[in-house]
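In what follows, a structure is listed as structure tokens, so that the remarks can point back to it.
What's counted below: heavy atoms across the whole structure, side chains too, no hydrogens, waters or symmetry copies. In the text below, chain A, chain B and the rest are named by the order of the sequence lines, each starting its count at 1. Note that the structure is predicted; figures quoted are calculated from it, not measured.
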Protein chains: 2
Amino acid sequence: MSTPRIRQPSMRDVARASGVSYQTVSRVINDQERVHPETRARVLAAVDALGYHPNSAARALVTGRGSTVAVVASNTSLYGYARTLEGIEDAAFAAGYTVNITVLRSPDQSDRADAVERLLSQPLAGLIAFTHDDLARSAVEDVPSRMPAVTVFGTGAGGRAHILLDEEGGARAAIRHLLDLGHRTIHHAGVPPLLPSGRLLGWRATLEEAGVPRPEPIPVTWEPRSGYEVGSAIARQHDITAVFAGNDDIATGIVRALIDSGRDVPGDVSVIGFDDTPLAAYTRPSLTTVSQDFVELGRRAFDLLHGLIEQDDQPAGPTVLPTHLVTRESTGPPRR
Amino acid sequence: MSTPRIRQPSMRDVARASGVSYQTVSRVINDQERVHPETRARVLAAVDALGYHPNSAARALVTGRGSTVAVVASNTSLYGYARTLEGIEDAAFAAGYTVNITVLRSPDQSDRADAVERLLSQPLAGLIAFTHDDLARSAVEDVPSRMPAVTVFGTGAGGRAHILLDEEGGARAAIRHLLDLGHRTIHHAGVPPLLPSGRLLGWRATLEEAGVPRPEPIPVTWEPRSGYEVGSAIARQHDITAVFAGNDDIATGIVRALIDSGRDVPGDVSVIGFDDTPLAAYTRPSLTTVSQDFVELGRRAFDLLHGLIEQDDQPAGPTVLPTHLVTRESTGPPRR
DNA sequence: CTGAAAGCGCTAACAA
DNA sequence: TTGTTAGCGCTTTCAG
């Protein structure tokens, strides 16, 4: 039926081939000092000749710790998450770790338990969770605290090391920009979070500080289509002159709807995005948006975890990475 | 310094707690039949009480096979790749597998060897490689043939099971659409592949069959910015009336450059994209493009691998998934 | 500097 | 139906 399993060469094979004991091979493989250079050379030659690869399962079994970090997220293909993942993978690879992904697709309790179960059965070194929504957040809480973990995005969870982008600062800058332009208030089309997001908080706080009306947030999903639907509705309310969208995709949908409805952007309505995706500079109009370095976020998240794994140095507070406003064509002063 | 490692409960602990031998526990865990229901219940209770998780490293060590599939790619954040990854993860999770990602970032020989080395040291069940470029392609060739593997995109490699999207068919439909509209020829702005891509082949063949001039492909990168640069150049060549872009991002960059240069799309120049990203329907003009189901591609790729792992059934030929043209605003008849 | 022995947690024979 | 015995490939004492 299936091919008889062919054994990969083991340390014993290498030992036999180079005429030493397999413990000596282990020392060579693990770069320990106390090996005669000549012996080392002989062993290395045998390793090469046999095409030997250390077996990380066996190693994990005896050391009790793997060299894999798991990334837990509810989505890995949206721009920001995909790029963050890329950053994690980059830093992890450089540090000799391997990256595992687990997508939490349903809020279903048993589904989540299953995922966590599976996570923990692997020989993990640590775990990075995207806690922008409640899925990963509750998963983190199911993970025993002895497992090193860092949370990325949102509010964190379980008292874990936490790193995030300064979404609140970005939102503040965005709203201030619009206010400075002369808009009386700014509407917000955002994905309803269970816990208020930095974007929401920054928006709300800035309006409040300016003493201007604070309209109800308009709920959307992350799809451009959803932005389009909201945009069509906004087009009918001529008192709305500025919209702060949850991300660039939503903003693009809104812009398109507005223009399809005969309204001008930014002439009639200013629209601001979030994320600064590669496309944001090339849509028409190009988007004023908040730029975030997701790749750096991912790298730093891994570094944080790495510190936890190696020295158990728990950072005092959350790490906040800067964001900045990029002004483009989609915002302007309101029509007088 | 670092916390003393706390042992997770092992089978022995469960055995002790439930008053059976640990092999019986093994039977229960692995859902084998020959266990007294009562014993089973007792064991399960102990599992629950202790919070026992099977150790997959130990299991992999003895069975010689892991339950992890590795995905090897040169990029995981571009829309198509990110979505394909999502499809793989989805199917893998459903089948009880875990997904590992390895990004091949440099064509450097030793770098690649390092990555493959690391891959093979894990207890893998199999491997999925994105062979759209030469990086993953040569990595696959470094992997011993005993390891089940499937290649996705491009031309495949190493005689492995291969699944891809019908990019050639998509390109043909796109070019035919443009030709039918009355364009005399169609230029192609594509990312130069080492081996001709389906997009390139479909474009070239369709032009050839139509007996129209076949201009040199215009090299770009996957960035919208690159599309913009190419678009600026195209804007100066008033004999170009139709451009087939390598993907939607490039198309968007081209469109923007064209319009910035005072040319109309599709009035002066028709632009066609590829991928049908969520945004393609909402840019201005919206993009005529070729739609591809990346998530399905990912799922099917995993299924293929799964078949290889479980029954070693090597498919006869490559699996080709359909693509289809979506006509929107960015294409139209040439000005007479 | 090198070798011998033990055992990580598990599955797969085989025995009872 | 359950228990016994090996041993997967490796690192870690501890001897030499």
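- Residues B/Leu61 and B/Thr24 each lie close to DNA chain D; by heavy-atom proximity, the contact nearer the 5' end of the strand is made by B/Thr24.
- Between B/Tyr79 and B/Phe294, the ring-plane angle classifies as perpendicular under the 30° and 60° cut-offs.
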Q: Test side-chain contact (heavy atoms from CB on, under 4.5 Å) on A/Phe153 and A/Thr84 and set out the steps.
A: CA-CA 10 Å; A/Phe153 298 112; A/Thr84 304; 3.5 Å; yes
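- In this entry the distance linking CG of A/Asn55 with C1' of C/dC8 reads 13 Å, nearest Å.
- Not a single donor-acceptor contact under 3.5 angstrom links the side-chain atoms of A/Gln23 to the base of D/dT13.
- Atom pair B/Glu38:CD and D/dT1:P shows a separation of 13 Å (rounding to whole Å applied).
- Cation-pi geometry between B/Arg118 and A/Phe93 is met: under 6.0 angstrom from the ring centre, within 45 degrees of the axis.
- Rounded to whole Å, atom P of D/dG9 lies 11 Å from atom CZ of A/Arg16.
- Residue A/Arg59 contributes atom CZ, which lies 17 Å from atom C1' of C/dG7 at whole-angstrom precision.
- Note on A/Asn30: a side-chain N or O is less than 4.0 Å away from OP1 or OP2 of D/dT11.
- Nearest to the side-chain atoms of A/Ala58 among the listed nucleotides C/dT2, C/dC10, D/dG9 stands D/dG9.
- Each of B/Thr39 and B/Tyr22 has a nearest nucleotide on DNA chain D; the 5'-most of these lies closest to B/Thr39.
- Here B/Ser26 reaches the OP1 or OP2 of C/dT11: one of its side-chain N or O atoms lies under 4.0 Å away.
- Using a 4.5 Å heavy-atom cutoff, the side chains of B/His132 and B/Tyr81 are in contact.
- If you take CZ of B/Arg12 and P of D/dT4, they are 12 Å apart, rounded to a whole angstrom.
- The phosphate of D/dC10 has OP1 or OP2 within less than 4.0 Å of a side-chain N or O from A/Tyr52.
- Listed nucleotides C/dT2, D/dG3, C/dC10 differ in distance to B/Val62; the shortest reach to its side chain belongs to C/dC10.
- Side-chain proximity of A/His36 to the nucleotides C/dC1, D/dG3, D/dC14 is greatest for C/dC1.
- Cation-pi geometry between B/Arg137 and B/Phe130 is not met at under 6.0 angstrom from the ring centre and within 45 degrees of the axis.
- Atom-to-atom, CE of A/Met11 to C1' of C/dA4 comes out at 16 Å; the value is rounded to the nearest Å.
- The distance between atom CZ of A/Arg27 and atom P of D/dT13, rounded to the nearest whole Å, is 12 Å.
- Contacts of A/Ser56 with the nucleic acid, taken as non-hydrogen atoms under 4.0 Å apart, are absent.
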